[in-house]
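Input: a single structure, listed below in structure tokens.
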Amino acid sequence: MSKTFYITTPIYYVNGAPHLGHAYTSTAADVLARWHRLAGDEVFFLTGTDEHGQKVEAAARNAGIAPQEFTDRVSADFRDMAQAMNISNDDFIRTTEPRHKAACQAIWSKLQENGFIYLGAYEGWYAVRDEAFYDESETALKPDGTRYALASGAAVEWVVEPSYFFKLSAFQDRLLAFYEENPGFIAPAAKRNEILSFVRGGLNDLSISRTSFSWGVKVPGDEKHVMYVWLDALVNYLTAIGYPEMSGPRAKFWPASLHLVGKEIIRFHAVYWPAFLMGAGLELPKKVFSHGWWTVEGEKMSKSLGNFIDVRPLVQEYGLDQIRYFILREVPFGNDGDFSKESLHRRINSDLANGIGNLSQRTLSFIGKNAGAAVPPKGSLTEADEALLAEAAALPAKLHAAMDKLAFHEALDEIWRLIRAADGYIDSQAPWSLRKTDLDRMNSVLYTLCVVLRTLGVVLQPFMPETMSKLLDYLGLDEARSLAVLDVPLAEGTALPTPTGLFPRVGV
RNA sequence: GGCGGCGUAGCUCAGUGGUAGAGCAGGGGAAUCAUAAUCCCUUGGUCGGAGGUUCAAAUCCUUCCGCCGCUACCA
């Protein structure tokens, strides 16, 4: 009986174009999804786009097109990015879909029925020009006594707007108890501390509807209101598994195993979302993990600098798997990191071309030229062979441990230890000398190396699916390529194709 | 202002009481199967500063300096 694993990315807000940050979240989620599939789990991997709200409405107006047409375009661009990154999502949800609106309205009704929604008034400094509320700290007084928004300079006025509220304040104790009982719910630990201190500081009820714009999900029974975008957005995780129908084919995936999010939205996922779910009487997700941000060549990506990186040209220039590898290897997951050409080149050349690429090429081309282009006979193994094979056999367990805590960089580091060990092994065994003195021994060495390469190829598939598929082809493996195949003896005598380099070096 | 995190080799980081580590980068050597890739050896650190606890501190405590995050509030 296989375990289920439900992983999500945030749904991306279609206010702007997809960039490195989105690709990062999606790639990390993809690696986990692929890893769990490899381990035999039943995986449901969800991503999508968040398409409602005032900003989208305004962006569409600026573009001179209807909001739906606007979101169709941008959503398609996100899908294109996912495809370019080889993201293996099982569904792509859009909040403008009927299934999602139905789910939002259903959970709203449930929360209302349970007594957690009431009608009140949202008050604040409102800038008509910006169509936005500002906190008083974000505003200042002009000499003539009028108040304006610091960010935009637009005049603001005190506005009272009717709004529905969610009784978030009622959940403080329940949330704290939940965090206490589930210490792994928020990760990394630093983020957990922040959330704990935020919740301990007291929770205000949350305004969850607006009447100032209409591009959103209508509040059931009061269509002047549309739902606050975050309630709308978070519910997508339920929509996709069929909510409110909890007996469909995907219902078994609830509660979600992991919500992967950027650090800027951890609070929504670690506070508001659990509270909504508690209010609706639903189970809470197992874990929310907040990852860091990328700077580019040392500078923060920002609208003012206009330096958002689109990964698609990078994939064109360097290769897909090279980019996937880099973003997961370069930075401890959870930390911020810097994306620079220099470090990208170093990773590609040192780790990929000189590492796994060279190891496979020197082994496979040697077999092609000197061992009949087939998996050599195993023969009898020496201590050195057994030692290397033992190291390979120990790898999956180490990787499970690292992947369970989302330590991609650690997982890759473990894999590279084996690569270095294998390179050392070749040098010490010197099959090029054995070729002249002891063919049986040479074959055993090459066989051992094939087994190690199979291990490497299999466990690296989640990170670099295209290239590792190529490597496993070179090893003559059939379509059975999950972790389980590592327990099956490698078939001797399988004919092997002529290999080519997996990762070309890049210029410095 | 409150809470929290970080500061260890040129770079990125691991190491939470018992002789300072890894990868990359640098230097030397070996090998020649391989994308001149690989292997071995090696240079390099007063573990941010000061003080304290301890037989013993990168690790615990105090304080100072620097960087960062969350949060509150005020003129």
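The basis for the numbers below is simple: all heavy atoms, side chains too, and nothing from hydrogens, waters or symmetry mates. The shown structure was predicted, so the numbers you read here are calculated from the model rather than taken from an experiment. Each chain gets a letter, A, B and so on, in the order its sequence line appears, and its residues count up from 1.
- As rounded to whole Å, 15 Å separates atom P of rC68(B) from atom CD of E194(A).
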- Criterion ring pair (Phe, Tyr, Trp, His ring centres under 6.0 Å) on F333(A) and Y24(A), from CA distance to verdict: CA-CA 10 Å; F333(A) 199 62; Y24(A) 185 43; 5.6 Å; yes

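- The partner of rA22(B) is rU12(B), by the rule that a Watson-Crick or G-U pair needs both atom distances under 3.5 Å.
- Comparing the same atom, C1', in rG45(B) and in rG2(B) gives a spacing of 36 Å after rounding to whole Å.
- Of the nucleotides present, rU38(B) is the one that pairs with rA30(B) by Watson-Crick or G-U wobble criteria, both distances under 3.5 Å.
- Spacing between atom CG of L412(A) and atom C1' of rC24(B) amounts to 15 Å, rounded to whole angstrom units.
- For K55(A), the NZ atom counts as loosely surrounded, since its 6.0 Å shell holds 12 or fewer non-hydrogen atoms of other residues, nucleotides or ligands.
- Across the P atoms, rA22(B) and rU42(B) are found 10 Å apart, a figure rounded to whole Å.
- Comparing rG29(B) with rU43(B), their P atoms are spaced 16 Å from each other, to the whole Å.
- Regarding H345(A), its NE2 atom lies at a distance of 16 Å from the C1' atom of rA25(B), rounded to whole Å.
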- Query: How far apart are the C-alpha atoms of W273(A) and F178(A), what are their side-chain angles, what is the distance that settles it, and do they pass the ring pair (Phe, Tyr, Trp, His ring centres under 6.0 Å) test?
  - Reply: CA-CA 13 Å; W273(A) 180 227; F178(A) 178 77; over 10 Å; no

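- Each of Y425(A) and A190(A) was assigned the nucleotide of RNA chain B with the nearest heavy atom; the assignment lying further toward the 5' end belongs to A190(A).
- With hydrogens and angles left out, the side-chain atoms of Y474(A) and T500(A) include a donor and acceptor closer than 3.5 Å.
- The partner of rU63(B), taking Watson-Crick or G-U wobble pairs whose two distances both stay under 3.5 Å, is rG49(B).
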- Task: Would you mind building the protein contact string for nucleotides 29-35 of chain B? One character per nucleotide, 5' to 3', B for base within reach (heavy atoms under 4.0 Å), S for sugar-phosphate only, - for untouched.
- Result: --SSBBB

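- Atom pair L328(A):CG and rG23(B):P shows a separation of 22 Å (rounding to whole Å applied).
- Backbone-only engagement by R420(A) is indicated by non-hydrogen atom pairs under 4.0 Å involving sugar-phosphate atoms exclusively.
- Looking at heavy-atom distances under 4.0 Å, K263(A) makes no contact with the nucleic acid at all.
- Under 3.5 Å, the side chains of D30(A) and T27(A) contain no donor-acceptor pair of N or O atoms.
- Pairing for rG4(B) goes to rC68(B), judged as Watson-Crick or G-U wobble with the two contacts each under 3.5 Å.
- When Watson-Crick and G-U wobble pairs are counted only if both distances are under 3.5 Å, rA75(B) pairs with no nucleotide at all.
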Scan nucleotides 10-14 of chain B against the protein and return all N/O pairs shorter than 3.5 Å with their distances rounded to 0.1 Å.
none

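- In a base pair of the Watson-Crick type (N1 to N3 plus N6-O4 or O6-N4) or a G-U wobble (N1-O2 and O6-N3), with each distance short of 3.5 Å, rA57(B) is matched with no nucleotide.
- For the C1' atoms, the distance linking rG28(B) with rG18(B) amounts to 35 Å, nearest Å.
- The same atom, P, is picked in rA56(B) and in rC64(B); the two are 26 Å apart, to the nearest Å.
- A donor atom on one side chain and an acceptor atom on the other are not found under 3.5 Å apart for Q322(A) and R347(A).
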- Message: Run the ring pair (Phe, Tyr, Trp, His ring centres under 6.0 Å) test on H269(A) and Y237(A) for me, step by step, so that the C-alpha distance in whole Å, both residues' side-chain angles and the decisive distance to 0.1 Å come before the verdict.
- Response: CA-CA 11 Å; H269(A) 285 80; Y237(A) 304 130; 5.6 Å; yes

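- Going from atom CG of N349(A) over to atom C1' of rG23(B) covers 16 Å, rounded to whole Å.
- Going from atom CZ of F198(A) over to atom P of rG4(B) covers 18 Å, rounded to whole Å.
- Across all non-hydrogen atoms, the minimal contact from P431(A) to L446(A) is CB-CD2, 4.3 Å.
- One interatomic measurement links the two molecules: CD1 of I419(A) to P of rC39(B), which rounds to 11 Å at whole-angstrom precision.
- For the pair S343(A) and rC24(B), the criterion of a side-chain N or O lying under 4.0 Å from OP1 or OP2 is not met.
- Annotation: cation-pi geometry not satisfied between R192(A) and Y179(A) (NZ/CZ under 6.0 angstrom from ring centroid, within 45° of ring axis).
- rG48(B) and rU59(B) have their C1' atoms separated by 16 Å, given to the nearest Å.
- Rounded to the nearest Å, the gap between the C1' atom of rU32(B) and that of rA37(B) is 11 Å.
- Following rounding to the nearest Å, L359(A) (CG) and rA37(B) (C1') show an atom-to-atom distance of 11 Å.
- To the nearest whole angstrom, the two C1' atoms, one in rG1(B) and one in rA72(B), are 8 Å apart.
- Looking at residues two or more places apart in sequence or on another chain, you find a side-chain hydrogen bond (donor to acceptor under 3.5 Å, both in side chains) between W293(A) and E264(A).
- Applying side chain to side chain contact (heavy atoms under 4.5 Å, CB included) to T467(A) and the options I356(A), L502(A), L460(A) leaves one that passes, L502(A).
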